Amino acid sequence: MLDVTGFKKRHAHRFGADPAVFVAPGRVNLIGEHTDYAGGFVMPAAIDFGTLAAISPRNDGRVIVWSENFHEQVSHQIEGLPKNGGGHWSGYPLGVVRILREAGFAVPPFSLSVQGDVPLGAGLSSSASIEVATALAALSLAQADPPREEIARLCQRAENVYVGASCGIMDQFIACRGAENHALLLDCRSLGYRLAPIPENVSLVIANTMVRHAIAGGEYGIRRGEVEEGTEILRSHRPEIQLLRDATTKDLELWGAEMPENVLRRCRHVITENLRTVAAADALAAGNLKKLGDLMAAAHASYRDDFEASCEEADTMVGAAQRLPGLIGARLTGGGFGGCTVNLVHADRAEAFASRLHNDYRARTGIDAEIYRCHASAAAHAV
Ligand code: ADP
Ligand code: MG
């Protein structure tokens, strides 16, 4: 749990001014992987791990950002912010500030402290959480209150063009629009969404495989390229297919043979994943947990076999979960090649499930996994 009072005091002590404080959540994606940039559907939930941002104005023309996680501070003239993130953590908050200013928000010079308890780089989106917390903080000083959809898009742009990570809109959107005890079905093209309640007797158990394979970043770009290649082939037959989200399994049956085999399988994953994701939201809304679990199992198999974005450790973690009592559904969540699995578990079994999962995974891999019992939580807000 983040200690807001202590955090506020430390900011005041470091910068000599009482701050305004904001928090933005991390997230876990229940289903809908690599569908966001294809204009499709995702169903994440905000979680009770997040990032705090404390902000106070300065009168020396500077932007100073201090991260309690890295124990490091950066300082720039606000008119001379670096042109890109340069691979440094400060690229996330500075990118947001630059993009907000370019978009016309009059963000004045400030001191910012950040502190997060989202595990960094584990696929639970510490990045969107620091971006959105920074955005709310900076916008408060600019005395601006744009719609949450716009904040999400601006933060995504900061990560795309300033940090240089080609992420979709999901992470920033759920940080901006999540709701307590709910998952959110998002149409990544229109940004239309609906909330689906997570029943009280269902627990979110997130299992960190503790591995992140070095290929992850590069393969993400390769998958995006493959999806685009397949989309172009389908578009040449049906010009109304703008994004892969417009294509159907029928289209693949008709023209999939024109694609290289790997491209066909990537496209099949995305097209069927969109169907599964909407069906999962319906199942959750109807309280049909059996159906939801089956869809998560099918989604993991598709991610593993067709999209080839899983890894041995994640498959081991999902396989171990599927043998345990209390499981509703399990799958690898996030960009792939490691990171976390998400498990929906009957609440009365969650504690035993978490400890057995930890033991079973260690017995099979020798790795001590971190297991987090989370709660679907509210969107970013002032604290
Ligand atoms: P994920 O979003 O899955 O956690 P990313 O690689 O997208 O992984 O983003 C993680 C990066 O975000 C960190 O390596 C760091 O650069 C930055 N970041 C996140 N939270 C903080 C924080 N509290 N302080 C400084 N940098 C942070
Ligand atoms: Mg991220």
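All ligand and atom numbering here is 1-based and tracks the order in the structure. FYI, the numbering just counts along the sequence from 1. Here the structure is a predicted model, which is why all the values come from computation and not from measurement.
Interface atoms of ligand 1 facing Gly116, defined by a heavy-atom separation under 4.0 Å, are 23 (N). Numbered from 1 in the order shown, with element, the atoms of ligand 1 that lie under 4.0 Å from a heavy atom of Leu124 read 3 (O). Atoms of ligand 1 found under 4.0 Å from any heavy atom of Val114 (numbered from 1 in listed order, with element): 24 (N).
For the pair Arg153 and Glu149, the salt-bridge criterion is not met [side-chain N within less than 4.0 Å of a carboxylate O]. No salt bridge links Arg157 with Glu102; every basic N to acidic carboxylate O contact stays at or beyond 4.0 Å. Salt-bridge check for Arg194 with Asp282: passed, with a basic side-chain N closer than 4.0 Å to an acidic carboxylate O.
Considering only non-hydrogen atoms, atom 4 (O) of ligand 1 lies nearest to Ser126 out of Ser125, Gly87, Ser126. Residue Ser127 holds the heavy atom nearest to atom 5 (P) of ligand 1 of all those in Ala133, Ser90, Ser127, Cys167. Of the options Tyr92, Phe70, Phe49, the smallest heavy-atom separation from atom 12 (O) of ligand 1 is shown by Tyr92. Checking Pro119, Gly50, Ser67, Ala122 against atom 25 (C) of ligand 1, the nearest heavy atom belongs to Ser67. Proximity annotation for atom 22 (C) of ligand 1: of Ile130, Thr51, Val163, Asp171, Ile130 comes nearest, heavy atoms only.
A cation-pi arrangement is present between Arg224 and Tyr37, with the terminal nitrogen or guanidinium carbon under 6.0 Å from the aromatic centre and inside a 45° cone about the axis.
Screening Thr341, Val28, Asn343 for a side chain to side chain contact (heavy atoms under 4.5 Å, CB included) involving Val205 leaves a single residue, Asn343.
Among protein heavy atoms, the minimum distance from atom 15 (C) of ligand 1 is reached at Trp89 CB, 3.8 Å. Of all protein heavy atoms, the one closest to atom 20 (N) of ligand 1 is Leu120 CD2, 3.4 Å. For atom 23 (N) of ligand 1, the closest non-hydrogen atom on the protein side is Asn69 OD1, 2.9 Å. The nearest protein atom to atom 8 (O) of ligand 1, hydrogens excluded, is given as Gly121 CA, 3.2 Å; this is a heavy-atom distance.
Here Ser125 does not reach the Mg ion (ligand 2): none of its N/O/S atoms is less than 2.8 Å from the metal.
The aromatic rings of His269 and Phe307 sit tilted, their planes meeting at an angle between 30° and 60°.
For His34 and Tyr220, the ring centers are positioned less than 6.0 Å apart.
Taking hydrophobic clusters as Ile, Leu, Val, Met, Phe, Trp and Tyr residues chained together by side-chain heavy-atom distances below 4.5 Å, Ile151 shares a cluster with Val107.
With a 4.5 Å cut-off on side-chain heavy atoms, Val345 and Ile328 do not count as touching.
Between Gly123 and ligand 1, a contact under 3.5 Å exists for at least one N or O pair.
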